[in-house]
Amino acid sequence: MSVHFRKLALIGIGLIGSSIALAARRQGLVDVISIATRRQDTLDEARQLELGDIYTLDAAEAVRGADLVILCAPVGAYGALAEAIGPSLEAGAILSDVGSVKEYVHKIVGPHVPDGVRFIPGHPLAGTEHSGPSAGFADLFAGRWCVLTPAQDVPQADTDRLVAFWQALGSNVECMDAAHHDMVLAITSHVPHLIAYNIVGTVADLEADTKSEVIKFSASGFRDFTRIAASDPVMWRDVFLTNRDAVLEMLGRFNEDLSRLQRAVRMGDGPALEALFTRTRAIRRSIISAGQETAAPDFGRPHKASPAPDLSPLREHGGGDDA
Ligand code: NAP
(Lines give C-alpha, C1' and ligand atoms only; values in the text may rest on other atoms or scores of the structure.)
Protein backbone atom coordinates (compact mmCIF):
# COMPACT_ATOMS: atom_id res chain seq x y z
CA MET A 1 0.00 0.00 0.00
CA SER A 2 1.35 3.44 -0.97
CA VAL A 3 1.85 6.04 1.73
CA HIS A 4 2.91 8.52 -0.92
CA PHE A 5 0.56 11.35 -1.98
CA ARG A 6 0.81 13.46 -5.13
CA LYS A 7 -0.56 16.66 -3.68
CA LEU A 8 -1.20 17.47 -0.01
CA ALA A 9 -3.45 20.47 0.65
CA LEU A 10 -3.24 22.03 4.11
CA ILE A 11 -6.07 24.42 4.95
CA GLY A 12 -4.71 26.46 7.87
CA ILE A 13 -0.99 26.66 8.49
CA GLY A 14 -0.47 27.22 12.22
CA LEU A 15 1.32 24.98 14.71
CA ILE A 16 -0.27 21.75 13.49
CA GLY A 17 -0.41 22.51 9.74
CA SER A 18 3.21 23.63 9.60
CA SER A 19 4.36 20.60 11.61
CA ILE A 20 2.60 18.28 9.14
CA ALA A 21 4.22 20.14 6.21
CA LEU A 22 7.70 19.85 7.73
CA ALA A 23 7.34 16.20 8.74
CA ALA A 24 5.72 15.11 5.43
CA ARG A 25 8.47 16.83 3.45
CA ARG A 26 11.26 15.38 5.60
CA GLN A 27 9.83 11.88 5.21
CA GLY A 28 9.33 12.31 1.43
CA LEU A 29 5.61 11.49 1.69
CA VAL A 30 4.32 14.06 -0.83
CA ASP A 31 5.34 15.61 -4.16
CA VAL A 32 3.56 18.95 -3.77
CA ILE A 33 2.25 20.82 -0.73
CA SER A 34 -0.38 23.47 -1.31
CA ILE A 35 -1.22 25.84 1.52
CA ALA A 36 -4.32 27.97 2.08
CA THR A 37 -4.95 30.25 4.98
CA ARG A 38 -7.19 33.18 5.86
CA ARG A 39 -4.83 36.12 6.26
CA GLN A 40 -2.20 37.39 3.83
CA ASP A 41 0.35 37.90 6.67
CA THR A 42 0.14 34.24 7.65
CA LEU A 43 0.47 33.15 4.03
CA ASP A 44 3.56 35.36 3.59
CA GLU A 45 5.08 33.90 6.75
CA ALA A 46 4.46 30.34 5.49
CA ARG A 47 6.09 31.23 2.19
CA GLN A 48 9.10 32.75 3.94
CA LEU A 49 9.48 29.58 5.98
CA GLU A 50 9.25 27.55 2.72
CA LEU A 51 6.58 25.29 4.16
CA GLY A 52 4.98 24.47 0.80
CA ASP A 53 5.03 24.85 -2.98
CA ILE A 54 1.71 26.59 -3.70
CA TYR A 55 0.30 29.42 -1.56
CA THR A 56 -3.21 30.84 -1.83
CA LEU A 57 -5.94 32.59 0.15
CA ASP A 58 -8.52 30.50 -1.74
CA ALA A 59 -9.10 27.15 0.00
CA ALA A 60 -11.05 25.76 -3.00
CA GLU A 61 -8.09 26.48 -5.28
CA ALA A 62 -5.70 24.80 -2.82
CA VAL A 63 -7.60 21.49 -2.82
CA ARG A 64 -7.97 21.18 -6.61
CA GLY A 65 -6.10 18.05 -7.76
CA ALA A 66 -5.11 17.12 -4.18
CA ASP A 67 -5.28 13.45 -3.19
CA LEU A 68 -4.90 14.34 0.51
CA VAL A 69 -6.60 17.37 2.09
CA ILE A 70 -6.18 18.14 5.79
CA LEU A 71 -8.14 20.90 7.53
CA CYS A 72 -5.77 22.50 10.07
CA ALA A 73 -7.85 25.55 11.08
CA PRO A 74 -9.84 26.10 14.30
CA VAL A 75 -12.89 23.81 14.33
CA GLY A 76 -15.26 26.80 14.35
CA ALA A 77 -14.10 27.65 10.80
CA TYR A 78 -14.80 24.15 9.42
CA GLY A 79 -18.43 24.68 8.32
CA ALA A 80 -17.63 27.55 5.97
CA LEU A 81 -14.40 25.89 4.79
CA ALA A 82 -16.15 22.60 3.98
CA GLU A 83 -18.83 24.43 2.03
CA ALA A 84 -16.15 26.31 0.07
CA ILE A 85 -13.95 23.31 -0.79
CA GLY A 86 -16.65 20.62 -1.23
CA PRO A 87 -17.26 21.16 -4.98
CA SER A 88 -13.49 21.23 -5.71
CA LEU A 89 -12.59 17.95 -3.97
CA GLU A 90 -11.49 15.20 -6.35
CA ALA A 91 -13.13 11.77 -6.37
CA GLY A 92 -10.83 9.31 -4.60
CA ALA A 93 -9.18 12.01 -2.47
CA ILE A 94 -8.90 11.60 1.29
CA LEU A 95 -10.35 14.48 3.32
CA SER A 96 -9.11 14.64 6.91
CA ASP A 97 -8.56 17.19 9.68
CA VAL A 98 -6.71 17.65 12.97
CA GLY A 99 -9.45 19.17 15.13
CA SER A 100 -9.58 18.44 18.84
CA VAL A 101 -13.25 17.32 18.72
CA LYS A 102 -14.66 14.73 16.35
CA GLU A 103 -18.46 14.26 16.51
CA TYR A 104 -19.03 17.91 15.62
CA VAL A 105 -16.60 17.61 12.70
CA HIS A 106 -18.55 14.66 11.26
CA LYS A 107 -21.78 16.62 11.71
CA ILE A 108 -20.62 19.93 10.24
CA VAL A 109 -18.26 18.76 7.45
CA GLY A 110 -19.89 15.43 6.50
CA PRO A 111 -22.80 16.92 4.51
CA HIS A 112 -20.37 18.82 2.24
CA VAL A 113 -18.28 15.76 1.32
CA PRO A 114 -19.06 14.66 -2.27
CA ASP A 115 -19.57 11.00 -3.19
CA GLY A 116 -16.28 9.22 -3.81
CA VAL A 117 -14.28 11.43 -1.41
CA ARG A 118 -13.02 9.48 1.62
CA PHE A 119 -13.81 11.38 4.81
CA ILE A 120 -11.48 10.34 7.65
CA PRO A 121 -11.35 12.96 10.44
CA GLY A 122 -8.31 12.80 12.70
CA HIS A 123 -6.79 14.26 15.84
CA PRO A 124 -3.07 14.19 16.61
CA LEU A 125 -2.70 14.24 20.41
CA ALA A 126 0.31 16.48 20.17
CA GLY A 127 0.72 20.19 20.59
CA THR A 128 2.31 23.05 22.43
CA GLU A 129 0.98 26.36 23.75
CA HIS A 130 2.47 28.15 20.70
CA SER A 131 0.58 29.13 17.54
CA GLY A 132 1.26 30.18 13.97
CA PRO A 133 3.39 28.90 11.07
CA SER A 134 6.71 29.44 12.85
CA ALA A 135 5.63 27.34 15.88
CA GLY A 136 5.73 24.06 13.94
CA PHE A 137 8.49 21.46 14.03
CA ALA A 138 8.90 18.14 12.23
CA ASP A 139 9.17 16.04 15.40
CA LEU A 140 5.91 17.26 16.95
CA PHE A 141 4.13 13.95 16.30
CA ALA A 142 7.00 11.59 17.16
CA GLY A 143 5.82 8.99 19.64
CA ARG A 144 2.45 10.73 20.14
CA TRP A 145 -0.97 9.24 19.46
CA CYS A 146 -3.12 10.18 16.50
CA VAL A 147 -6.79 9.14 16.60
CA LEU A 148 -8.72 8.61 13.35
CA THR A 149 -12.52 8.44 13.19
CA PRO A 150 -13.35 7.28 9.62
CA ALA A 151 -16.84 7.83 8.22
CA GLN A 152 -18.77 4.56 7.91
CA ASP A 153 -18.59 4.30 4.11
CA VAL A 154 -14.80 4.70 3.83
CA PRO A 155 -13.04 1.69 2.28
CA GLN A 156 -10.56 0.06 4.68
CA ALA A 157 -7.72 0.55 2.17
CA ASP A 158 -8.09 4.36 2.40
CA THR A 159 -8.11 4.31 6.19
CA ASP A 160 -5.01 2.10 6.10
CA ARG A 161 -3.33 4.62 3.81
CA LEU A 162 -3.97 7.51 6.20
CA VAL A 163 -2.87 5.36 9.16
CA ALA A 164 0.40 4.70 7.30
CA PHE A 165 0.79 8.45 6.60
CA TRP A 166 0.51 9.34 10.31
CA GLN A 167 2.80 6.47 11.25
CA ALA A 168 5.37 7.84 8.80
CA LEU A 169 5.06 11.22 10.60
CA GLY A 170 6.09 9.35 13.77
CA SER A 171 2.67 8.81 15.40
CA ASN A 172 1.05 5.79 16.96
CA VAL A 173 -2.40 5.55 15.39
CA GLU A 174 -5.73 4.28 16.69
CA CYS A 175 -9.14 4.29 15.00
CA MET A 176 -12.26 4.77 17.10
CA ASP A 177 -15.80 6.05 17.13
CA ALA A 178 -16.07 9.88 17.18
CA ALA A 179 -18.30 9.98 20.29
CA HIS A 180 -15.85 7.78 22.20
CA HIS A 181 -12.97 10.06 21.18
CA ASP A 182 -14.85 13.12 22.48
CA MET A 183 -15.59 11.51 25.85
CA VAL A 184 -11.99 10.36 26.38
CA LEU A 185 -10.57 13.73 25.33
CA ALA A 186 -13.05 15.61 27.51
CA ILE A 187 -11.44 14.16 30.63
CA THR A 188 -7.82 13.83 29.46
CA SER A 189 -7.52 17.22 27.75
CA HIS A 190 -10.57 19.49 27.71
CA VAL A 191 -11.48 19.51 31.42
CA PRO A 192 -7.79 19.88 32.47
CA HIS A 193 -7.58 22.95 30.21
CA LEU A 194 -10.76 24.36 31.75
CA ILE A 195 -9.30 23.85 35.23
CA ALA A 196 -6.09 25.62 34.19
CA TYR A 197 -8.02 28.54 32.65
CA ASN A 198 -10.08 28.74 35.85
CA ILE A 199 -7.21 28.72 38.35
CA VAL A 200 -5.13 31.21 36.39
CA GLY A 201 -8.27 33.36 35.99
CA THR A 202 -8.79 33.24 39.77
CA VAL A 203 -5.27 34.58 40.28
CA ALA A 204 -5.87 37.28 37.69
CA ASP A 205 -8.83 38.47 39.77
CA LEU A 206 -6.93 38.54 43.09
CA GLU A 207 -6.07 41.81 44.78
CA ALA A 208 -3.01 43.41 43.17
CA ASP A 209 -0.70 42.76 46.17
CA THR A 210 -1.48 39.06 46.43
CA LYS A 211 -1.27 38.62 42.67
CA SER A 212 2.29 39.92 42.50
CA GLU A 213 3.28 37.54 45.31
CA VAL A 214 1.72 34.61 43.46
CA ILE A 215 3.60 35.47 40.29
CA LYS A 216 6.85 36.09 42.17
CA PHE A 217 6.73 32.81 44.07
CA SER A 218 5.01 30.75 41.40
CA ALA A 219 6.40 27.29 41.95
CA SER A 220 5.82 24.28 39.76
CA GLY A 221 2.11 23.88 40.58
CA PHE A 222 0.80 27.28 39.47
CA ARG A 223 3.49 27.73 36.81
CA ASP A 224 2.49 24.50 35.07
CA PHE A 225 -1.15 25.61 35.01
CA THR A 226 -0.08 28.88 33.35
CA ARG A 227 1.57 26.95 30.53
CA ILE A 228 -1.70 25.20 29.73
CA ALA A 229 -3.71 28.40 30.23
CA ALA A 230 -1.53 30.15 27.63
CA SER A 231 -2.98 27.89 24.91
CA ASP A 232 -4.64 29.47 21.90
CA PRO A 233 -7.89 31.24 22.97
CA VAL A 234 -9.74 30.73 19.67
CA MET A 235 -8.93 27.04 19.40
CA TRP A 236 -10.03 26.39 22.97
CA ARG A 237 -13.15 28.51 22.69
CA ASP A 238 -14.15 26.25 19.78
CA VAL A 239 -13.36 23.07 21.74
CA PHE A 240 -15.79 24.05 24.51
CA LEU A 241 -18.45 25.22 22.08
CA THR A 242 -18.30 21.97 20.09
CA ASN A 243 -17.74 19.28 22.76
CA ARG A 244 -20.23 20.65 25.26
CA ASP A 245 -22.05 17.45 26.28
CA ALA A 246 -18.95 15.36 26.95
CA VAL A 247 -17.26 18.24 28.82
CA LEU A 248 -20.35 18.82 31.00
CA GLU A 249 -20.59 15.09 31.77
CA MET A 250 -16.95 14.97 32.90
CA LEU A 251 -17.22 18.28 34.80
CA GLY A 252 -20.14 16.78 36.76
CA ARG A 253 -17.95 13.89 37.88
CA PHE A 254 -15.06 16.26 38.59
CA ASN A 255 -17.26 18.44 40.82
CA GLU A 256 -18.45 15.42 42.82
CA ASP A 257 -14.85 14.29 43.38
CA LEU A 258 -13.77 17.82 44.30
CA SER A 259 -16.54 18.02 46.91
CA ARG A 260 -15.30 14.75 48.41
CA LEU A 261 -11.77 16.15 48.52
CA GLN A 262 -12.98 19.41 50.05
CA ARG A 263 -14.72 17.41 52.78
CA ALA A 264 -11.57 15.36 53.46
CA VAL A 265 -9.61 18.59 53.92
CA ARG A 266 -12.31 20.08 56.17
CA MET A 267 -12.52 16.92 58.30
CA GLY A 268 -8.73 16.52 58.49
CA ASP A 269 -9.13 13.06 56.90
CA GLY A 270 -5.43 12.29 56.34
CA PRO A 271 -5.90 8.64 55.26
CA ALA A 272 -8.38 9.64 52.53
CA LEU A 273 -6.04 12.33 51.20
CA GLU A 274 -3.02 10.04 51.30
CA ALA A 275 -4.89 7.19 49.60
CA LEU A 276 -5.94 9.44 46.71
CA PHE A 277 -2.49 11.02 46.30
CA THR A 278 -0.90 7.54 46.25
CA ARG A 279 -3.27 6.44 43.49
CA THR A 280 -2.63 9.57 41.42
CA ARG A 281 1.13 9.21 41.77
CA ALA A 282 0.84 5.70 40.31
CA ILE A 283 -1.07 7.12 37.33
CA ARG A 284 1.75 9.59 36.64
CA ARG A 285 4.27 6.74 36.76
CA SER A 286 2.25 4.71 34.28
CA ILE A 287 2.12 7.68 31.87
CA ILE A 288 5.92 7.94 32.08
CA SER A 289 6.39 4.22 31.49
CA ALA A 290 4.05 4.47 28.46
CA GLY A 291 6.54 7.02 27.03
CA GLN A 292 4.01 9.88 27.04
CA GLU A 293 5.97 12.07 29.51
CA THR A 294 9.52 12.59 30.67
CA ALA A 295 10.70 11.20 33.99
CA ALA A 296 13.26 14.04 34.28
CA PRO A 297 12.82 16.25 37.34
CA ASP A 298 10.72 19.40 36.80
CA PHE A 299 9.40 18.10 33.44
CA GLY A 300 12.94 18.19 32.00
CA ARG A 301 13.22 21.97 32.24
CA PRO A 302 16.82 23.14 31.93
CA HIS A 303 18.16 24.66 35.14
CA LYS A 304 20.97 27.19 35.03
CA ALA A 305 23.84 26.53 37.40
CA SER A 306 23.91 29.55 39.68
CA PRO A 307 25.84 30.53 42.81
CA ALA A 308 24.31 29.14 45.99
CA PRO A 309 21.75 31.69 47.23
CA ASP A 310 21.83 33.10 50.73
CA LEU A 311 19.01 31.17 52.40
CA SER A 312 19.24 32.66 55.86
CA PRO A 313 16.07 34.81 55.60
CA LEU A 314 14.10 31.79 54.33
CA ARG A 315 15.39 29.54 57.12
CA GLU A 316 14.20 32.05 59.66
CA HIS A 317 10.71 31.65 58.20
CA GLY A 318 10.94 27.90 58.37
CA GLY A 319 11.12 26.72 54.77
CA GLY A 320 12.07 26.95 51.15
CA ASP A 321 9.79 24.24 49.79
CA ASP A 322 7.82 25.21 46.73
CA ALA A 323 4.76 23.02 47.33
P1 NAP B 1 -2.93 27.96 14.99
O2 NAP B 1 -1.47 27.80 15.19
O3 NAP B 1 -3.63 29.10 15.66
O4 NAP B 1 -3.23 28.05 13.43
C5 NAP B 1 -4.52 28.12 12.93
C6 NAP B 1 -4.44 28.28 11.43
O7 NAP B 1 -5.78 28.25 10.92
C8 NAP B 1 -3.82 29.59 10.99
O9 NAP B 1 -3.08 29.37 9.81
C10 NAP B 1 -5.06 30.44 10.66
O11 NAP B 1 -4.85 31.37 9.63
C12 NAP B 1 -5.95 29.40 10.08
N13 NAP B 1 -7.36 29.82 10.05
C14 NAP B 1 -8.10 30.35 11.03
N15 NAP B 1 -9.34 30.59 10.59
C16 NAP B 1 -9.35 30.22 9.30
C17 NAP B 1 -10.32 30.26 8.28
N18 NAP B 1 -11.55 30.70 8.55
N19 NAP B 1 -9.99 29.81 7.06
C20 NAP B 1 -8.75 29.35 6.78
N21 NAP B 1 -7.77 29.29 7.71
C22 NAP B 1 -8.08 29.73 8.94
O23 NAP B 1 -3.74 26.64 15.40
P24 NAP B 1 -3.24 25.15 15.62
O25 NAP B 1 -2.72 25.02 17.02
O26 NAP B 1 -2.39 24.73 14.49
O27 NAP B 1 -4.64 24.40 15.61
C28 NAP B 1 -5.26 24.06 14.41
C29 NAP B 1 -6.21 22.89 14.66
O30 NAP B 1 -5.47 21.86 15.28
C31 NAP B 1 -7.39 23.21 15.56
O32 NAP B 1 -8.57 22.67 15.00
C33 NAP B 1 -7.06 22.50 16.84
O34 NAP B 1 -8.24 22.02 17.49
C35 NAP B 1 -6.18 21.35 16.39
N36 NAP B 1 -5.18 20.89 17.35
C37 NAP B 1 -4.40 21.77 18.03
C38 NAP B 1 -3.47 21.31 18.97
C39 NAP B 1 -2.59 22.28 19.75
O40 NAP B 1 -2.05 21.91 20.79
N41 NAP B 1 -2.43 23.49 19.30
C42 NAP B 1 -3.32 19.93 19.17
C43 NAP B 1 -4.09 19.05 18.43
C44 NAP B 1 -5.03 19.54 17.53
P45 NAP B 1 -4.74 32.94 9.78
O46 NAP B 1 -3.52 33.18 10.64
O47 NAP B 1 -4.54 33.29 8.36
O48 NAP B 1 -6.01 33.43 10.39
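Note that ligands are numbered from 1 as they come in the structure, with each ligand's atoms numbered from 1 the same way. Atoms considered below: every heavy atom in the structure, side chains included; atoms not considered: hydrogens, waters and symmetry mates.
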(request) Taking the six-membered ring for Trp and the full ring for Phe, Tyr or His, determine whether the centres of His193 and Phe240 are under 6.0 Å apart. (result) no

(request) Keeping to residues at least two apart or across chains, list the salt bridge (Lys or Arg N to Asp or Glu O under 4.0 Å) pairs with something in residues 31-43. (result) none

(message) Are Phe137 and Thr128 packed together at the side-chain level, in the sense that at least one heavy-atom pair is separated by less than 4.5 angstrom?
(response) yes

(message) What does the 4.0 Å heavy-atom contact list look like for ligand 1?
(response) Gly12, Ile13, Gly14, Leu15, Ile16, Thr37, Arg38, Arg39, Thr42, Cys72, Ala73, Pro74, Val75, Ala77, Tyr78, Leu81, Val98, Gly99, Ser100, His123, Pro124, Ala126, Gly127, Thr128, Ser131, Gly132, Met235

(request) Please name the residue in the list Arg47, Lys7, Arg25 that meets the salt bridge (Lys or Arg N to Asp or Glu O under 4.0 Å) test with Asp53. (result) Arg25

(request) Tell me, please, which residues at least two apart from Glu256 pass side-chain contact (heavy atoms from CB on, under 4.5 Å). (result) none

(request) For residues 125-143, pull every pair meeting salt bridge (Lys or Arg N to Asp or Glu O under 4.0 Å), keeping only residues two or more places apart or in separate chains. (result) Arg26-Asp139, Glu129-Arg227

